[in-house]
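The next block holds one structure in the form of structure tokens; read it before the comments.
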Amino acid sequence: MRKIVKAQEPRLLGVYRRTKPTDYKSFRDKQTLREYLVKDQRGICCYCMGRIKPNESTMKIEHFLSHSGHPNLRLVYSNLFGACLGNMKANADEHCDTLKKSKTFNFHMCTSASIHNEIKYKTNGEIYSDNEQLYNEIGKPYYYDDNNDLIKPHGILNLNMPELIRARKSTLDGFIKANLTGKLGTLNQTKLKRFRDKWAGISHSDELEPYCMIVVHYLDKKIK
């Protein structure tokens, strides 16, 4: 996960909200809304950071505080995000908004300092936090108990489901192989910072790489 900086909302969203503040279903310009959300998030899911595009086949419009429980926020731009489809398959482990549904995730991607400062990554692809509430809500890795039963402490978002762990590890391994293997002795701090700023999106305004923050976290530990 990463902190999201929102731009100005779509003009038509504001116009519509003034007349029908809770009628999200009838808002017709959802395609423009998707485009704005994807641009704000630079092409990645607000939760798992997988790739999303502004279409219904790769993303959903997520209500951070639920559509059902907070009708006054249904059309408020700060409550709207772009989320991936979250593994919407039969008998599949769900994640992101597909699992979250109407539950409350207590760390807002725009305003919570914890999103920026307290999420960490292991080189094996796991995501974690020393903030126990945050760790519980993003979900912990699956494990087998003493009876050899598979336990899935998926929390609210299930960001440590095996598929996502593998995706993050593959991203980090690919970066290391392409840019660092055999070169760490010759890469100075300036070059490492350039890599870091590129993956964090600081040095450009283009789309971010999927699962980019595992690379950012890895480089942050290399930069002294």
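FYI, the numbering just counts along the sequence from 1.
- Leu180 places a side-chain heavy atom less than 4.5 Å from the side chain of Leu192.
- Taking the side chain as every heavy atom from C-beta outward, Tyr36 and Glu9 never approach each other to under 4.5 Å.
- Two residues are said to be in side-chain contact when any heavy atoms from C-beta on lie closer than 4.5 Å; Leu164 and Tyr211 meet this criterion.
- Environment of NZ in Lys177: sparse, with no more than 12 heavy atoms of neighbouring residues, nucleotides or ligands closer than 6.0 Å.
- Judged as a ring-ring contact (aromatic ring centres under 6.0 Å, His included), not a single pair has a partner in residues 123-166 (not counting sequence neighbours).
- Asp206 and His204 make their closest contact through N-ND1, 3.0 Å (heavy atoms, listed as atom of the first residue, atom of the second, distance).
- In this structure, Phe64 has its ring center under 6.0 Å from that of His108.
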Taking it one step at a time, do Lys100 and Glu137 satisfy salt bridge (charged side-chain N to carboxylate O under 4.0 Å, His left out)? CA-CA 10 Å; Lys100 175 178 172 282; Glu137 292 190 14; over 6 Å; no
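- Pairing each heavy atom of Thr32 with each of Pro10, the nearest pair is CG2-CB, 4.2 Å.
- Atom CD of Gln31 has more than 12 heavy atoms from other residues, nucleotides or ligands within 6.0 Å.
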Show which side-chain atoms of residues 69-76 pair as donor or acceptor with protein atoms under 3.5 Å away, not counting sequence neighbours.
from, atom 1, to, atom 2, distance (Å)
Arg74, NE, His67, O, 2.8
Arg74, NH1, Thr22, O, 3.1
Arg74, NH2, His67, O, 3.3

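- Counting only heavy atoms from C-beta outward, the side chains of Leu80 and His63 approach each other to under 4.5 Å.
- Side-chain atoms of Thr58 never come within 3.5 Å of backbone atoms of Ile52 as a donor-acceptor pair (strictly under, hydrogens ignored).
- In the model, Ser57 has a side-chain atom that pairs as donor or acceptor with a side-chain atom of Asn55 under 3.5 Å.
- Both the sub-6.0 Å distance and the 45° axial angle are satisfied by Lys6 relative to the ring of Phe81.
- Between Phe195 and Phe175, the ring centre distance stays below 6.0 Å.
- More than 12 heavy atoms of other residues, nucleotides or ligands shown are found within 6.0 angstrom of CG on Asn147.
- Both Met1 and Met161 are part of a single hydrophobic cluster, where members link through side-chain heavy atoms under 4.5 Å apart.
- Inter-residue side-chain proximity for Leu208 and Arg2 is flagged as met; some heavy-atom pair is nearer than 4.5 Å.
- Ile165 and Ile138 are not part of a single hydrophobic cluster, where members link through side-chain heavy atoms under 4.5 Å apart.
- Follow the hydrophobic side-chain contacts under 4.5 Å out from Leu65 and you never reach Leu99; the two are in separate clusters.
- Here the shortest heavy-atom pairing between Asn87 and Asp93 reads ND2-O, 2.9 Å.
- In this structure, the side chains of Gln133 and Asn106 come closer than 4.5 Å at one or more pairs of heavy atoms.
- Remark: the backbone N or O of Met109 is not paired with any side-chain donor or acceptor of Ser112 at under 3.5 angstrom.
- Tracing side-chain contacts under 4.5 Å through hydrophobic residues (I, L, V, M, F, W, Y), one reaches Tyr121 starting from Ile4; they form part of the same cluster.
- Formation of a donor-acceptor pair under 3.5 Å by the Ser129 side chain with backbone atoms of Glu118 is found in this model.
- Between Lys53 and Glu207, some side-chain heavy-atom pair lies under the 4.5 Å cut-off.
- Side-chain contact check for His95 versus Cys84: some heavy-atom pair is nearer than 4.5 Å.
- Other residues, nucleotides and ligands contribute only 12 or fewer heavy atoms inside 6.0 Å of the CD atom of Gln8.
- Of all heavy-atom pairs spanning Asn160 and Glu126, the tightest one is OD1-CA, 3.4 Å.
- Note: the hydrophobic cluster containing Ile127 also contains Val216 (ILVMFWY, side chain heavy atoms under 4.5 Å, direct or indirect links).
- Atom NZ of Lys101 sits in a crowded spot, with more than 12 heavy atoms from other residues, nucleotides or ligands closer than 6.0 Å.
- Environment of NZ in Lys140: crowded, with over 12 heavy atoms of neighbouring residues, nucleotides or ligands closer than 6.0 Å.
- Taking the ring centre of Tyr24 as origin, the terminal cationic atom of Lys30 falls inside the region bounded by 6.0 Å and 45° from the ring axis.
- Not a single donor-acceptor pair under 3.5 Å links the side chain of Arg168 to the backbone N or O of Ile214.
- Asn117 contributes a side-chain N or O that, together with a main-chain N or O of Ala113, makes up a donor-acceptor pair within less than 3.5 Å.
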